[in-house]
Student: 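Shown below is the structure under consideration.
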Amino acid sequence: MADKIQSIRGMNDILPDETPAWQFIESRLRQLLKSYNYDEIRFPIVEKTALFKRSIGEVTDIVEKEMYTFEDRNGDSLTLRPEGTAVCVRAGIQNGLLVNQQQRLWYIGPMFRHERPQKGRYRQFHQLGVEVFGLSGPDIDAELIMMSARFWKMLGLQDSVTLQLNSLGTAQAREQYRSVLVDYLQQHSELLDEDSQRRLQTNPLRILDSKNPAIQEMIEQAPRLMEHLDDESRQHFADLCAYLDSVGIAYEINTRLVRGLDYYNRTVFEWVTDKLGAQGTVCAGGRYDGLVKQLGGRETPAVGFAMGLERLVLLVQQEQLKNYIKQPHAVLLMMGERAQAAGLALSEQLRDALPKVRIFNICGGGSFKSQMKRADKSQAEIALILGDDELDKQLITVKYLRQKADNKPQQESLSQDQLIELFKTMLTKNALTEQ
RNA sequence: GCGACUAUAGUUCAACGGUUAGAACAUCGGUUUGUGGUACCGAGGAUCUGGGUUCGAUUCCCAGUAGUCGCCCCA
């Protein structure tokens, strides 16, 4: 036997067992986004490396050590997208979607980061991203948070996630705060670990996020970003909080919440869960008013978020899927060669007449008994039996597989027209539970 | 990228430095090829890869690969 070729580490197959959960989540997402009137955008998986260096930040971990970067045949440096925002902005600029316009966009698809795989963290992972351009007020920030909150309800996850909120202020305010913070940290530099020493030079705000207990203690006394906000950002944040209060969305203000990507300003938020171990962030986003200009467009306010679909799949409970998994309505048994041809034709005709009906043809023949076994395993509501007897009489035997032996007839012979009528009543009966 | 733990049928788990590596579930077949679910009978199917120690390794050691957990990072 030849050697088996394995998939790339951290890049997983999503198997038939798992796809119902994905489909469930994706269909609810589409429904949600439609209800807020957002539009889908699709863009490539590979982009020029410079796009990510310029947007995410040269000294971020993502750019420094997690990107899949390679040269193509022309010698250009290309990168598998590690996130969607930068690509969305590039596409918006390039296609003239952003100038003096408002756009509310979403996208879904795989992202790539070379990290150590863990539960809920993979090298190819999937995100849903939502980005809004051309709106600068706190109202749209609130809309995005309300939208995500609604989504948790749709998935039955409202008790599994909590909202963390912070404001980073304007770039200038952040710059000022940065130097105040660096001063403070340098006074306590003997407490800083190796990681934090390095970040002192590169991204000191991230030190606030450290899990090192000694550092956390010292951070408690550090000057707070909230206290260094400019007036406008302060008002923006207060308005946002008021909007959330007005619809009863609970949040926790976390002044240590900073983002790993450089482009954020003002509002940042994160939905977290304690049910996924170290990978607790399920959805995160914020405002990035400077990015469009930074990537060569006109100055355009923007805000967005992304959620990790793998993590949602892990959170969605099996019971919520039970109305979503769809069994066939009917399973078709074909006994003998004559019935084989007639049966295939029959199921095609049924699909012509009733596009919504789900029929599972038993292929591969076999004894009556083994076909019945397979019919049972299909979970279908009814079995259609077609053999020489039925062909001679121009009838189809219908057996009700899920009706237990009581006084009802378990089996009857129907003409094709009667069968179609039967399916119609089955479909209307199920119409409410299937959507 | 760092650390710890793990790797045996499709799956979940046994076992042993030495005959033929067991079981359950799953799969397939059979118990008159026209009646399923239960029962009974039967079949196929595995020691991650490469080195080393040893007369002999699935078992011990090393490396690789992969998974899990933590750090890191992040969605």
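In what follows, chains carry the letters A, B, and so on, assigned in the order in which the sequence lines appear, proteins first and then strands, with residues in each chain numbered from 1.
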Student: Could you state the atom-to-atom distance from CG of A:D61 to P of B:C74 in whole Å?
Tutor: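 Rounded to whole Å, this separation is 6 Å.
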Student: Are any protein N/O atoms closer than 3.5 Å to N/O atoms in nucleotides 31-34 of chain B? If there are, list each pair with its distance.
Tutor:
{"unit_1": "B:G34", "atom_1": "O6", "unit_2": "A:D388", "atom_2": "N", "d": "3.2"}
{"unit_1": "B:G34", "atom_1": "O6", "unit_2": "A:D389", "atom_2": "N", "d": "3.2"}
{"unit_1": "B:G34", "atom_1": "O6", "unit_2": "A:E390", "atom_2": "OE1", "d": "3.3"}
{"unit_1": "B:G34", "atom_1": "N1", "unit_2": "A:E390", "atom_2": "OE1", "d": "2.9"}
{"unit_1": "B:G34", "atom_1": "N1", "unit_2": "A:E390", "atom_2": "OE2", "d": "3.1"}
{"unit_1": "B:G34", "atom_1": "N2", "unit_2": "A:E390", "atom_2": "OE2", "d": "2.5"}

Student: In terms of side-chain geometry, is the basic nitrogen of A:E40 or A:R42 positioned less than 4.0 Å from the acidic oxygen of its partner?
Tutor: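 Salt bridge: yes.
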Student: Describe the nucleic acid contact of A:A375 in one word from base, sugar-phosphate, nothing, applying a heavy-atom distance below 4.0 Å.
Tutor: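 Nothing, no heavy atom under 4.0 Å.
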Student: With the side chain of A:R402 defined as its heavy atoms from C-beta on, choose the nearest nucleotide among B:G36, B:A75, B:U27.
Tutor: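 Closest of the options to the side chain of A:R402: B:G36.
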Student: Measure the distance from CD on A:E66 to C1' on B:C71 and round it to the nearest whole Å.
Tutor: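 That distance rounds to 14 Å.
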Student: Tell me every residue that passes side-chain contact (heavy atoms from CB on, under 4.5 Å) with A:P117, counting only those two or more places apart in sequence or in another chain.
Tutor: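 For A:P117, the residues satisfying side-chain contact (heavy atoms from CB on, under 4.5 Å) (neighbours in sequence not counted) are A:R9, A:R123.
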Student: Tell me whether A:D388 is salt-bridged to A:K393, with the criterion being a basic N under 4.0 Å from an acidic carboxylate O.
Tutor: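 No salt bridge links A:D388 with A:K393.
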Student: Using a strict cut-off of less than 4.0 Å between a Lys/Arg side-chain nitrogen and an Asp/Glu carboxylate oxygen, indicate whether A:R287 and A:D141 qualify as a salt bridge.
Tutor: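 Looking at A:R287 and A:D141, the cut-off is met.
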Student: Decide whether A:S233 and A:R266 meet the rule of one side-chain donor and one side-chain acceptor closer than 3.5 Å.
Tutor: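 On atom types as modelled, these side chains qualify, holding a pair under 3.5 Å.
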Student: Tell me, what's RNA chain B's dot-bracket, Watson-Crick or G-U with both distances under 3.5 Å, | for other-strand, [ ] crossing?
Tutor: (((((((..((((....[...)))).(((((.......)))))....(((((..]....))))))))))))....
Student: Categorize A:K377 for me: base, sugar-phosphate, or nothing, with a 4.0 angstrom heavy-atom threshold over every strand shown.
Tutor: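 Sugar-phosphate, no base atom in range.
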Student: Protein-nucleotides 67-69 of chain B N/O pairs closer than 3.5 Å?
Tutor:
{"unit_1": "B:G67", "atom_1": "OP2", "unit_2": "A:R9", "atom_2": "NE", "d": "2.9"}
{"unit_1": "B:C69", "atom_1": "OP2", "unit_2": "A:K119", "atom_2": "N", "d": "2.7"}

Student: Ion pair present between A:R104 and A:E143, side-chain N to carboxylate O less than 4.0 angstrom?
Tutor: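 Yes, charged N to carboxylate O under 4.0 Å.
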Student: Quick one: do the A:R150 and A:Y36 side chains pair a donor with an acceptor below 3.5 Å?
Tutor: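 Looking only at side-chain atoms, A:Y36 and A:R150 do form a donor-acceptor pair, the distance falling under 3.5 Å.
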Student: Scan the side chains in residues 273-283 of chain A for donor-acceptor partners under 3.5 Å anywhere in the protein, sequence neighbours excluded, and list what turns up.
Tutor:
{"unit_1": "A:T273", "atom_1": "OG1", "unit_2": "A:S160", "atom_2": "O", "d": "2.9"}
{"unit_1": "A:T273", "atom_1": "OG1", "unit_2": "A:K275", "atom_2": "N", "d": "3.1"}
{"unit_1": "A:K275", "atom_1": "NZ", "unit_2": "A:S160", "atom_2": "OG", "d": "3.2"}
{"unit_1": "A:Q279", "atom_1": "NE2", "unit_2": "A:Q118", "atom_2": "OE1", "d": "3.0"}
{"unit_1": "A:Q279", "atom_1": "NE2", "unit_2": "A:K119", "atom_2": "O", "d": "3.4"}
{"unit_1": "A:T281", "atom_1": "OG1", "unit_2": "A:E270", "atom_2": "OE1", "d": "3.1"}

Student: Using atom CZ of A:R121 as one end and atom C1' of B:G70 as the other, report the distance to the nearest whole Å.
Tutor: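 Whole-Å distance recorded here is 10 Å.
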Student: Taking A:D376 first and then A:R402, would you say they form a salt bridge - that is, a charged N and a carboxylate O separated by under 4.0 Å?
Tutor: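 Salt bridge between A:D376 and A:R402, a charged N being under 4.0 Å from a carboxylate O: yes.
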Student: Could you state the CG-P distance from A:D13 to B:A66, rounded to the nearest angstrom?
Tutor: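 Atom CG in A:D13 sits about 14 Å away from atom P in B:A66.
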Student: From CZ of A:F269 over to P of B:A75, roughly how many Å is that when rounded to an integer?
Tutor: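 These atoms are roughly 11 Å apart.
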Student: Take atom CG of A:L257 and atom C1' of B:A75, then tell me their distance rounded to the nearest Å.
Tutor: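 Going from A:L257 (CG) to B:A75 (C1'), I get 13 Å.
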Student: For the pair made of CD in A:Q371 and P in B:G30, what is the distance, rounded to whole Å?
Tutor: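 My rounded result for the distance is 11 Å.
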Student: Got a sec, which residues hit side-chain contact (heavy atoms from CB on, under 4.5 Å) with A:A330, two or more places apart in sequence or on another chain?
Tutor: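 With sequence neighbours excluded, A:A330 shows a side-chain contact (heavy atoms from CB on, under 4.5 Å) to A:I382, A:L384, A:F423, given in chain and number order.
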Student: Mind calculating the distance between CD (A:Q124) and C1' (B:A75) to the nearest angstrom?
Tutor: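 In whole Å, B:A75 C1' lies 14 Å from A:Q124 CD.
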